[in-house]
Amino acid sequence: MPPPPRGLTPHPRRPADPGASAERLRSAGGPVLRFAPSPNGRLHLGHAYSALLNAQFAIRLGGLCRLRIEDIDPARSKPDFIDGIVSDLAWLGLSYPEPVRRQSRYMDAYRTALDGLVGRGLAYPCFCSRGQIRARIASAGEFPCDPDGVPLYPGTCRHESPVSVADRLARGDPHTWRLDMAAALRGAGSTLGYVAFDEAGERWIAADPGRWGDTVIARRDVPTSYHLAVVHDDAAEGITHVVRGRDLEAATDLHVLLQALLGLPTPRYHHHPLLHDAEGEKLSKSRGSQSLADLRQAGQTPGDIRARLGFA
Ligand code: GLU
């Protein structure tokens, strides 16, 4: 397990109660972190590690850590999972300032951000079904993939005529919204990158968002995607330091681009290693990894979990 973070400069104004003074700290310019789970399952050890690491960095930096519920997916987000997240974190001994932001309540704000990008010609509607995209890619033979291994969108709807787009939108044809990556890169202009921090200190990382291609920034069912909502909310909540898993490291390049386009500040980032199960696979809800609730049921204590994750 990684050692506790060292080499970071503690914030000079460390509050006596980091959990209780979000607004004061934000106005004082203090560090603000966040733990941002999606309520589509119960938390597992990987989440516990991320939440504890966020709390540890918050203490060392003299800041605070907020909780955000990333529930933009209406089909997968369940109120029971939100309750489970809150009770699992409390059981672990973690508390968070109120109010806890729930993304599903901010759809109008995401729509406004999206409209701004569309109005500047940086995003376009995509009417393609998954099957159509697959067929197009298959017919083209080789196609480059994004960092998640998904073939890049071939750009079909980017070439749709304005009249046809207007017709289809007026008809209510289902569509996502895609970033026009070439236009976005031109629009963002200057060199893109971010400051990464870890135990050893800070360093500059150059971002290469182009490798995501014309990625979806708003889904069919809601006027946002994870990417748009997360950059919007990190700015809205005054987040200065993002601590999250390495599975999102490549997405940070895209986030830096969206921040530049939307005129939002770029936080500092730390991407922590992911926990793996006995078969060497990343812990995940979809693999049915043992939840904290299961471990608690089996008699494990919060102290056992902390010790197992290296936070004793
Ligand atoms: N909601 C995301 C998840 O549960 C995390 C997003 C983030 O930390 O940026 O994987």
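This chain uses plain numbering: 1 for the first residue, then up along the sequence. Whatever order the structure lists ligands and atoms in, that order sets their numbers, starting from 1. The model shown is predicted, which means the values in this text are computed figures rather than measured ones.
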> What residue pairs, at least two apart or across chains, pass salt bridge (Lys or Arg N to Asp or Glu O under 4.0 Å) with a residue in residues 118-139?
Replying inline: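 Output for this query is empty, none listed.
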Which ligand 1 atoms, with their elements, are less than 4.0 angstrom from a heavy-atom of [X]?
| X | answer |
| --- | --- |
| Leu248 | 5 (C), 6 (C), 7 (C), 9 (O) |
| Glu70 | 1 (N), 2 (C), 5 (C), 6 (C) |
| Ser38 | 1 (N), 2 (C), 3 (C), 4 (O) |
| Val230 | 9 (O) |

>> Check contact between Tyr226 and ligand 1, using heavy atoms of the residue and a distance below 4.0 angstrom.
In response: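 Tyr226 counts as a contact of ligand 1 under the 4.0 Å cut-off.
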> Applying a strict 4.0 Å limit to heavy atoms, is His47 in contact with ligand 1?
Replying inline: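 False for this residue.
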> Is any side-chain N of the basic residue among Arg219 and Asp73 closer than 4.0 Å to the acidic one's carboxylate O?
Replying inline: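 Yes, Arg219 and Asp73 are salt-bridged.
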> So, Arg68 and Asp234, do they make that salt bridge, N to O below 4.0 Å?
Replying inline: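 The answer is yes: the pair qualifies as a salt bridge.
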For residues 203-210, dump all side-chain donor-acceptor pairs below 3.5 Å to protein atoms at least two apart in sequence or in another chain.
none

>> Can you tell me which residue among His232, His271, His227 is in a ring-ring contact (aromatic ring centres under 6.0 Å, His included) with His255?
In response: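 Between His255 and the candidates, ring-ring contact (aromatic ring centres under 6.0 Å, His included) is satisfied uniquely by His227.
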